[in-house]
Amino acid sequence: VKSLGDIYQAKIIVPGIKKNKISISATNDFLKVYLKEEKDKRLLRKINLGGLVDIQTISSKLQDGILEITLPKREVAESIEVKVS
């Protein structure tokens, strides 16, 4: 996984796998890439996102045996003022 400006980019090598055999799921904490087999799914990769990614805008493409996943960074406030009570 690389940090490229306002996105993270993950590349996974999956030679000979067609896109209809790949399943991707994401929560605020993890991105999981599965290989769909006949009756179930096998986990290929699990990437810790740590709440740093806007999961609603994740995109992916498969080209020449490389699955490229684009993970837009979530906007994080630099600092906030916390009142003491």
message = Using the rule that Ile, Leu, Val, Met, Phe, Trp and Tyr join whenever any side-chain heavy atoms are under 4.5 Å apart, tell me whether I7 and V33 fall into a single cluster.
response =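 Different clusters.
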task = Under the side-chain contact (heavy atoms from CB on, under 4.5 Å) rule, what do V14 and L44 come out as? Steps first, then yes or no, please.
result = CA-CA 9 Å; V14 288; L44 291 178; 4.2 Å; yes
query = About how many Å separate NZ of K41 and NZ of K21, when rounded to the nearest 0.5 Å?
reply =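 It comes to 13.5 Å.
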Is [Y] close to [X] at the side-chain level, that is, under 4.5 Å between some pair of heavy atoms?
{"X": "I69", "Y": "I58", "result": "yes"}
{"X": "V84", "Y": "V82", "result": "no"}
{"X": "I24", "Y": "L67", "result": "yes"}
{"X": "I22", "Y": "Y34", "result": "no"}
{"X": "I12", "Y": "I66", "result": "no"}

request  = Name all pairs fulfilling the salt bridge (Lys or Arg N to Asp or Glu O under 4.0 Å) condition that reach into residues 42-57, sequence neighbours left out, sorted by first residue then second.
outcome  = E37-R42
ask   = If you draw a 6.0 Å radius around CD1 in I13, do more than 12 non-hydrogen atoms from other residues or ligands fall strictly inside?
value = no
inquiry  = Run the side-chain contact (heavy atoms from CB on, under 4.5 Å) test on K19 and L62 for me, step by step, so that the C-alpha distance in whole Å, both residues' side-chain angles and the decisive distance to 0.1 Å come before the verdict.
reply    = CA-CA 6 Å; K19 65 182 177 180; L62 178 63; 3.9 Å; yes
Once side chain to side chain donor-acceptor pair (under 3.5 Å) is applied, do any residues pair with [X], and if so which ones, sequence neighbours excluded?
{"X": "S25", "value": "none"}
{"X": "K36", "value": "none"}
{"X": "D29", "value": "none"}

key: Result of checking L52, L31, I55 against L71 for side-chain contact (heavy atoms from CB on, under 4.5 Å)   =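 Among L52, L31, I55, the one meeting side-chain contact (heavy atoms from CB on, under 4.5 Å) with L71 is L31.
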query = What residue pairs, at least two apart or across chains, pass side chain to side chain donor-acceptor pair (under 3.5 Å) with a residue in residues 60-73?
reply = S3-K73, Q9-E68
ask   = Does F30 sit in a hydrophobic cluster with other residues, and if so which ones, taking ILVMFWY side chains as linked at heavy-atom separations under 4.5 Å, directly or through other members?
value =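 Answer for F30: none, a lone residue.
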